[in-house]
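Comments concern the structure below.
Order of the sequence lines fixes the chain letters, A, B, ..., with proteins taken first and strands second; residue numbering starts at 1 for each chain. The shown structure was predicted, so the numbers you read here are calculated from the model rather than taken from an experiment.
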Amino acid sequence: EDQVTQSPEALRLQEGESSSLNCSYTVSGLRGLFWYRQDPGKGPEFLFTLYSAGEEKEKERLKATLTKKESFLHITAPKPEDSATYLCAVQAGGTYKYIFGTGTRLKVLA
Amino acid sequence: NAGVTQTPKFQVLKTGQSMTLQCAQDMNHEYMSWYRQDPGMGLRLIHYSVGAGITDQGEVPNGYNVSRSTTEDFPLRLLSAAPSQTSVYFCASSYSQDSYEQYFGPGTRLTVT
């Protein structure tokens, strides 16, 4: 069964304290792995797509990486405005469905 | 360019009532989908469509119907509302079914009493 697991469930960081969020997946052939950011009361907002192991993408303080079993979202020197829930999703081969993890709630303290 | 719009933003239903959640996109996207989001459960796919006239079931389709008569619109119908359908519903669209990023609407918060 295709599955996505995110850890930790919640993370509190001091401003400037770098860390990583994990997304491990079990799918029968990965078509794409996606990271989204969700602010309270809003819909998810797209961050990155990764398609193959070894691929990396960067945007401001965020960097996403992908291996054959997991993806990491690295946050470098976070700021309070980076506080949000970060969601990981995959699309498996042979299907047009997207499977989401339960997310990591990130709180960055000033 | 409004992106993905959803109406209503909030809705309260009594058990057994029916209603339609509206979703529209103005980006000429082929792929559209409906999710529900419950605390601790993440986003779960209800139904999706890869183009006008084509729909398929997701992970949690029971109690919901969809149709896609135009590229722009993808309404979600609750046939007979149940308290278990209390949730936040998100509509999303993407360029095609082939692993493109999804754009999400602002959501509809539904309470069934």
Side-chain angles (χ1 to χ4, degrees), chain A residues 1-10 21-25 27-52 55 57 59 62 64 66 71 84-105, chain B residues 2-7 9-10 21 23-25 27 29-51 54-61 66 68 74 87-109:
Chain A
E1 181 183 346
D2 298 329
Q3 197 167 358
V4 176
T5 303
Q6 291 188 247
S7 62
E9 287 187 15
L21 313 183
N22 177 263
C23 171
S24 61
Y25 61 91
V27 293
S28 49
L30 180 70
R31 296 182 67 165
L33 184 141
F34 303 82
W35 283 99
Y36 292 87
R37 170 191 170 125
Q38 186 175 25
D39 293 300
K42 296 191 175 182
E45 179 182 340
F46 170 74
L47 292 173
F48 303 109
T49 307
L50 301 166
Y51 292 106
S52 56
E55 192 174 357
K57 295 260 179 87
K59 179 180 178 180
L62 300 177
L66 181 65
S71 176
T85 296
Y86 291 85
L87 301 170
C88 172
V90 299
Q91 189 184 44
T95 175
Y96 300 130
K97 302 177 185 179
Y98 293 83
I99 303 164
F100 279 79
T102 53
T104 294
R105 293 189 313 277
Chain B
V4 179
T5 58
Q6 291 183 239
T7 56
K9 289 191 189 305
F10 301 94
L21 279 62
C23 174
Q25 52 91 9
M27 297 173 282
H29 284 173
E30 289 296 322
Y31 185 94
M32 295 187 74
S33 54
W34 276 103
Y35 296 87
R36 59 178 291 173
Q37 188 172 39
D38 303 292
M41 303 283 292
L43 284 160
R44 292 184 292 169
L45 182 64
I46 304 171
H47 287 286
Y48 67 97
S49 169
V50 299
I54 307 170
T55 64
D56 205 347
Q57 295 182 351
E59 182 184 354
V60 288
V66 292
R68 183 104 180 265
F74 191 43
S87 187
V88 180
Y89 291 84
F90 289 102
C91 178
S93 73
S94 68
Y95 175 72
S96 82
Q97 69 270 20
D98 292 321
S99 227
Y100 283 85
E101 66 271 20
Q102 295 186 86
Y103 294 82
F104 284 82
T108 294
R109 184 173 294 273

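A/Tyr98 has its ring centre less than 6.0 Å from the ring centre of B/Tyr31.
Within residues 89-96 of chain A, the residues approaching chain B closer than 4.5 Å by heavy atoms are, in numerical order, A/Gln91, A/Tyr96.
More than 12 non-hydrogen atoms from other residues, nucleotides or ligands lie less than 6.0 angstrom from CZ of A/Arg31.
For a residue to count as touching a neighbouring chain, one of its non-hydrogen atoms must lie under 4.5 Å from one of that chain's; by this rule A/Lys97 touches chain B with backbone and side chain alike. Using a 4.5 Å cut-off between heavy atoms, B/Leu45 touches chain A through its side chain atoms alone. For A/Leu87, the part sitting under 4.5 Å from any heavy atom of chain B is the side chain, from C-beta outward, and nothing else. For A/Gln38, the part lying under 4.5 angstrom from a heavy atom of chain B is the side chain only. In this structure, the portions of B/Asp98 lying under 4.5 Å from any heavy atom of chain A include both its backbone and its side chain. Neither the backbone nor the side chain of A/Phe48 comes within contact range of chain B; no heavy atom of the residue lies under 4.5 Å from a heavy atom of that chain.
When all heavy atoms of B/Glu101 and A/Phe46 are compared, the closest pair comes out as CB-CD1, 3.1 Å. Contact between A/Pro44 and B/Leu43 at its shortest, heavy atoms only, is CG-CD1, 3.8 Å.
Here the straight-line distance linking atom CZ of A/Phe100 with atom CZ of B/Arg44 works out to 13.5 Å at 0.5 Å rounding.
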